[in-house]
Amino acid sequence: MKEPVSSSNFIRDIIDEDLASGKHTSVMTRFPPEPNGYLHIGHAKSICLNFGLARDYGGACNLRFDDTNPTKEEVEYVESIKEDVRWLGFDWEDREYFASDYFESLYQFAVHLIKDGKAYVDSLSADEIRAYRGTLTEAGRNSPYRDRSVEENLDLFERMRAGEFPDGAHVLRAKIDMASPNMSLRDPTIYRIRKVAHHRTGDRWCIYPMYDFAHGLSDSIEGVTHSICTLEFENNRALYDWFLDNLPVTSRPRQYEFARLNISYTVLSKRKLLKLVEEKIVDGWDDPRMPTLSGIRRRGYTAEAIRNFCDRIGVAKRDSVVDVALLEYSIREDLNDRAPRFMGVLNPLRVVIENYPDGQQEELEALNHPTDESFGKRSIPFGKVIYIERDDFREDPPKKFFRLAPGREVRLRYAYFITCTDVVKDPATGEIVELRCTYDPETRGGNAPDGRKVKSTLHWVAADHAVDAEVRLYDRLFTAPDPEAAGDGDFRVCLNPQSLQTLSACKLEPALGRIESTTAVQFERMGYFCLDAHDSRPEHLVFNRTATLRDPWAKIDRQLKKGR
RNA sequence: UGGGGCGUCGUCAAGUGGCAAGACACAGGGUUUUGGUCCCUGCAUUCGGAGGUUCGAAUCCUCCCGCCCCAGCCA
């Protein structure tokens, strides 16, 4: 497996300079998720970046939950996030932190600001604060409470903590500049009253710090050197720096911003994903069509493929949309090397081999991997009646269709050459219900002693030994490259009605019935599949299609149909 | 008509004054018991635009154009 070397990017350049100049002697990063939802592939980019930097520079990366808003956060999210990061292959060892671990220190920092006359308790309502803030082009006005004395501020803030005031009665604000062209510097709120239990601190606190206040200070407390976040926080950097510059911190982290991941034909925002779940457009956060790490995992994607994908997309500052084809390429590349091959017929067409002796059965030898001998071999039963893929037969084959047709000879993989002699149809509907063929006993194993060639090789399953299974064919969830823009805000207009196609009468070779793990296998010529972790049972197998194989014929077929 | 960012192939993305990496996609060809894999080949005389500096500019300067972010007691 070729692990692409992480190409250089502006953050690595910065770290190289910092190390060379002696500004830092080691690198400390952190992945700081808010436990208010499931992680998706966009988070994977951040995880790979932060943990990857720590790994490559011999530093460390902390896992820190940014849990400063108890109204939105829950322990179950903490657990799923840990599971996802671990699955992706990263280890934070004993460095599992929570912003809530620092609440007391953060409170003391706030007191320090008040004592320095750099923070004040404001008693304006939320609406009033908004009105006083001004607009993008007009300066804001000072709150009438802005000049309260240090003593009064200290007293009020203490009583806020003590729970003497209801939610919204007061707020602690940094005293910076109401006329700043940077909105985040117009006396930002740093503490608000929230009389709700916190998933970790319970009811110990009723005032909670805001992100801007807590984040940089948490970074400092942890000795983070490079605090990496996404572009929308660029404006907040000035505030990040202000807190660190105005408080007695012992370490001085720097914030750097990179562009978040966008992928064509998919949505990647917690809000949109939540909507898909709530409106039951998908079957939960781990629906295999979801770009969540749990969905992707259930779909059969490997952590290795995701990591390679993240290495390939790079890290930069410009807004961009990565082609979903690159993601698909990444999983195919990985699975091509590691997935053992089997044969499974998704849409069965019964074939009777007329000259094959009645009642005869035999075992044929097959390779578990075409190029890697270490996968070994297996034997597959063969008999007089088999199933082939319906798409592999055309009564009236178009040009370039190499598969089976009346009078045509093809190879059954690892078995024999067969020739189609007759087509049996349902007299009522005209539907093809069975094919009659003859086989050449001399071609056992798939080669003709006389050297004659066939133009195609088909996969097949012996009817007597076939294992029944349900197979779920997944496709992209949206039909538009940019679902957000397509529906003018309503992405439901471009939902792909074919994103899930359930096939219930699939016929698989016996070995597939003995599979136990949910790691992906290849159904030859059809794609990569894995057992569904939730719904598959020994008595009712359910396979998910992870990815199709590259399929030039599908493209030709589409063009032929269009041309007609 | 406030501030902060960003503009290099269809899509990502290197490049940091010396004459446009790589990947995906796409198009050809070869090998092949998966129309898979693999292997070749092609694919930006040009870097948002216009000027300027220089022997030399994607890289420096000027002006212009376009896109993204900010007015939560969210993160």
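All chains are named by letter (A, B, ...) in the order of the sequence lines, taking the proteins before the strands, and each is independently numbered beginning at 1.
- Nucleic acid contact for A/Lys455: none, since no nucleic acid atom lies under 4.0 Å from a heavy atom of the residue.
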Quiz item: What does nucleotides 70-75 of chain B look like as a protein-contact string, B for base, S for sugar-phosphate only, - for none, at under 4.0 angstrom between heavy atoms?
Solution: BBSBSB
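- Among the heavy atoms of the strands lying under 4.0 Å from A/Arg413 is at least one base atom, whether or not backbone atoms are also near.
- The side chain of A/Asp13 approaches B/U16 more closely than any other nucleotide in the set B/C6, B/U16, B/C12.
- Taking atom P on both nucleotides, B/U32 is separated from B/A20 by 40 Å, rounded to a whole Å.
- As rounded to whole Å, 13 Å separates atom C1' of B/C24 from atom CD1 of A/Ile263.
- Across all strands, A/Pro552 comes closer than 4.0 Å only to sugar-phosphate atoms, never to a base (heavy-atom distances).
- The residue A/Val321 sits close only to the backbone: its heavy atoms come under 4.0 Å of sugar-phosphate atoms, none of a base.
- If you check every strand for non-hydrogen atoms under 4.0 Å, A/Phe417 touches nothing.
- Position along RNA chain B of the nearest nucleotide to A/Leu231 versus A/Leu412 favours A/Leu231 as the more 5'-ward residue.
- For A/Arg403 against B/G35, a side-chain N or O and a base N or O form a donor-acceptor pair under 3.5 Å.
- Comparing the P positions of B/C63 and B/G2 gives an interatomic distance of 15 Å, to the nearest angstrom.
- Distances were taken from every side-chain heavy atom of A/Ile313 (C-beta onward) to each of B/A14, B/U34, B/C12; the shortest belongs to B/C12.
- In this structure, A/Arg312 does not reach the B/C24 phosphate: none of its side-chain N or O atoms is under 4.0 Å from OP1 or OP2.
- Here A/Gln522 lies in heavy-atom contact (under 4.0 Å) with a base.
- In this structure a side-chain-to-backbone donor-acceptor pair under 3.5 Å is missing from A/Asn347 to A/Arg390.
- Between A/Phe417 and A/Tyr439, the ring centre distance reaches or exceeds 6.0 Å.
- Judged by distance alone with a 3.5 Å cut-off, a donor-acceptor contact links the side chain of A/Arg341 to the base of B/U34.
- The residue A/Lys555 sits close only to the backbone: its heavy atoms come under 4.0 Å of sugar-phosphate atoms, none of a base.
- For A/Phe157 and A/Tyr107, the distance between ring centers is under 6.0 angstrom.
- Atom CZ in A/Arg318 sits about 11 Å away from atom C1' in B/U11, given to the nearest Å.
- A/Asn447 comes within 4.0 angstrom of a nucleotide base, judged by non-hydrogen atoms across all strands.
- Distance check on atom P: B/G42 versus B/C47 gives 23 Å, rounded to whole Å.
- For the C1' atoms, the distance from B/G17 to B/U54 is 9 Å, rounded to whole Å.
- Distances shorter than 4.0 Å separate some side-chain N or O of A/Ser320 from OP1 or OP2 on B/A13.
- In this structure, A/Asp16 places its CG atom 15 Å from C1' of B/G15, rounding to the nearest Å.
- As rounded to the nearest Å, B/A58 and B/C26 have C1' atoms that lie 25 Å from one another.
- Here B/G22 sits opposite B/C12 as a Watson-Crick or G-U wobble pair (both hydrogen-bonding atom distances under 3.5 Å).
- Nearest nucleotide to the side chain of A/Leu326, out of B/U16, B/G35, B/C24: B/C24.
- Between A/Gly314 and A/Leu549, the residue anchored closer to the 5' end of RNA chain B is A/Gly314, taking for each the nucleotide with the nearest heavy atom.
- Both the sub-6.0 Å distance and the 45° axial angle are not jointly satisfied by A/Arg148 relative to the ring of A/Tyr120.
- A/Thr29 meets the side chain to side chain donor-acceptor pair (under 3.5 Å) test with no other residue; sequence neighbours excluded.
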